[in-house]
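Worksheet for the structure shown next.
Residue numbers run from 1 in the order of the sequence given.
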Amino acid sequence: MIEIHDYEIKNMIRMAEEARDRAYAPYSKFHVGACLKAKNGAYYLGCNIENAAYTPTNCAERTAIFKAVYEGEREFDALAIIWDGDDYAVPCGVCRQVLAEFCAPDMPVICSNKEGEYKIMELRALLPEAFTKRNLK
């Protein structure tokens with residue numbers, strides 16, 4: 001796993017909390033925030049943005065990564081996710097696939113609950129046997 005220090009984890013969770021506060025979730029009331037750290041040290045925040053038609057809804061993780069990719073980033077060191085639930089937040093399947101496109105399999109994903117308690121998982125544990133660029137060669 002890519003090494004990440006405790007102070008960095010707490011800082012990323014704090015930023016993900018700030019992003020969570022911007023969530024637009026009038027239908028589910030399910031507020032999620034994400035903080036994605038690029039290899040160059042830049043942070044990209046995202047929140048979930050719902051839509052009445054549900055399908056166009058965008059998750060916090062994808063909001064963060066799409067912002068980063070738009071800004072030219074292609075390599076990432078860590079992702080922190082927080083939500084307002086008791087369990088640990090984990091990315092949905094679609095987000096896992098998007099993360100697999102740009103992130104190393106050993107990238108740490110910091111999964112946090114509303115209390116800021118967390119567990120760290122490698123991306124590969126969240127999406128084993130991911131379909132990636134190498135499958136298209």
Side-chain angles (χ1 to χ4, degrees):
M1 183 179 305
I2 297 170
E3 187 175 333
I4 185 164
H5 298 285
D6 190 55
Y7 66 89
E8 180 70 21
I9 293 167
K10 288 180 172 50
N11 186 44
M12 289 182 69
I13 290 172
R14 181 191 55 75
M15 286 189 280
E17 282 180 301
E18 291 174 12
R20 180 188 63 193
D21 293 342
R22 295 181 178 207
Y24 177 75
Y27 310 108
S28 71
K29 311 291 191 252
F30 185 81
H31 299 87
V32 184
C35 176
L36 180 66
K37 182 180 180 189
K39 275 232 186 283
N40 70 3
Y43 297 98
Y44 295 89
L45 306 183
C47 64
N48 58 318
I49 304 166
E50 292 184 348
N51 186 285
Y54 287 104
T55 302
T57 293
N58 202 53
C59 298
E61 301 91 313
R62 282 183 283 143
T63 300
I65 202 160
F66 292 162
K67 285 171 56 178
V69 170
Y70 172 78
E71 294 294 329
E73 303 293 346
R74 298 293 187 273
E75 296 181 43
F76 304 96
D77 283 344
L79 172 70
I81 312 158
I82 191 165
W83 70 317
D84 46 12
D86 294 324
D87 294 327
Y88 298 109
V90 295
C92 75
V94 174
C95 289
R96 293 174 194 203
Q97 183 61 49
V98 171
L99 290 166
E101 181 71 19
F102 295 100
C103 304
D106 64 340
M107 185 188 80
V109 178
I110 305 155
C111 305
S112 182
N113 65 14
K114 68 182 178 186
E115 302 301 327
E117 301 164 331
Y118 65 90
K119 67 178 178 178
I120 301 174
M121 302 178 70
E122 287 187 345
L123 180 58
R124 79 172 109 238
L126 291 167
L127 187 62
E129 304 300 323
F131 184 85
T132 63
K133 302 173 229 194
R134 74 175 185 279
N135 297 104
L136 298 174
K137 293 184 180 190

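Looking at every heavy atom in both residues, L36 comes nearest to A68 through CD2-CB, 4.2 Å. Of all heavy-atom pairs between A34 and A19, the closest is O-CB, 3.9 Å. Closest non-hydrogen pair, V90 versus I81, comes out as C-CD1, 4.4 Å. For the residue pair I110 and I4, the shortest heavy atom distance occurs at CD1-CD1, 3.8 Å.
For the ring pair (Phe, Tyr, Trp, His ring centres under 6.0 Å) condition, no pair includes a residue of residues 54-78, sequence neighbours left out. Here side-chain hydrogen bond (donor to acceptor under 3.5 Å, both in side chains) pairs that include residues 23-32, with residues two or more places apart or in two chains, are S28-E50, H31-D84. Residue pairs satisfying the salt bridge (Lys or Arg N to Asp or Glu O under 4.0 Å) criterion with at least one member in residues 108-131, sequence neighbours excluded, are listed as follows: D86-K114, E122-R124. Within the structure, side-chain hydrogen bond (donor to acceptor under 3.5 Å, both in side chains) pairs that include any residue of residues 32-47 comprise E8-Y43, K39-D77, N40-E73, Y44-E73 (at least two apart or interchain). Pairs engaging residues 87-108 under the side-chain hydrogen bond (donor to acceptor under 3.5 Å, both in side chains) rule: none recorded [sequence neighbours left out]. Screening residues 90-137 for ring pair (Phe, Tyr, Trp, His ring centres under 6.0 Å) gives no qualifying pairs among residues at least two apart or on separate chains.
Among residues two or more places apart in sequence or in another chain, the side-chain hydrogen bond (donor to acceptor under 3.5 Å, both in side chains) test is passed with T63 by N58. For F30, the ring pair (Phe, Tyr, Trp, His ring centres under 6.0 Å) test picks out W83, with sequence neighbours left out. Listed by chain and residue number, A100, L127, T132 satisfy the side chain to side chain contact (heavy atoms under 4.5 Å, CB included) test with A130 (two or more places apart in sequence, or in another chain). A search for salt bridge (Lys or Arg N to Asp or Glu O under 4.0 Å) contacts involving D21 returns nothing, not counting sequence neighbours. For R14, the side-chain hydrogen bond (donor to acceptor under 3.5 Å, both in side chains) criterion is met by N11, E18, not counting sequence neighbours. Listed by chain and number, the residues in a side chain to side chain contact (heavy atoms under 4.5 Å, CB included) with C59 are E61, R62, C92, C95 (sequence neighbours excluded).
For the pair C35/L45, a side-chain contact is recorded, criterion being any heavy-atom separation below 4.5 Å from C-beta on.
R20 contributes no side-chain N or O that, together with a main-chain N or O of C47, makes up a donor-acceptor pair within less than 3.5 Å.
Note: E17 CD to I82 CD1 = 4.0 Å, rounded to the nearest 0.5 Å. With rounding to the nearest 0.5 Å, the separation of CG in L123 from CG in L79 is 9.0 Å.
The same ILVMFWY cluster, assembled from side-chain heavy atoms under 4.5 Å apart, contains both M121 and I2. Tracing side-chain contacts under 4.5 Å through hydrophobic residues (I, L, V, M, F, W, Y), one never reaches M12 starting from V32; they form parts of separate clusters.
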Stepwise side-chain contact (heavy atoms from CB on, under 4.5 Å) check, L126 with L99: CA-CA 10 Å; L126 291 167; L99 290 166; over 6 Å; no
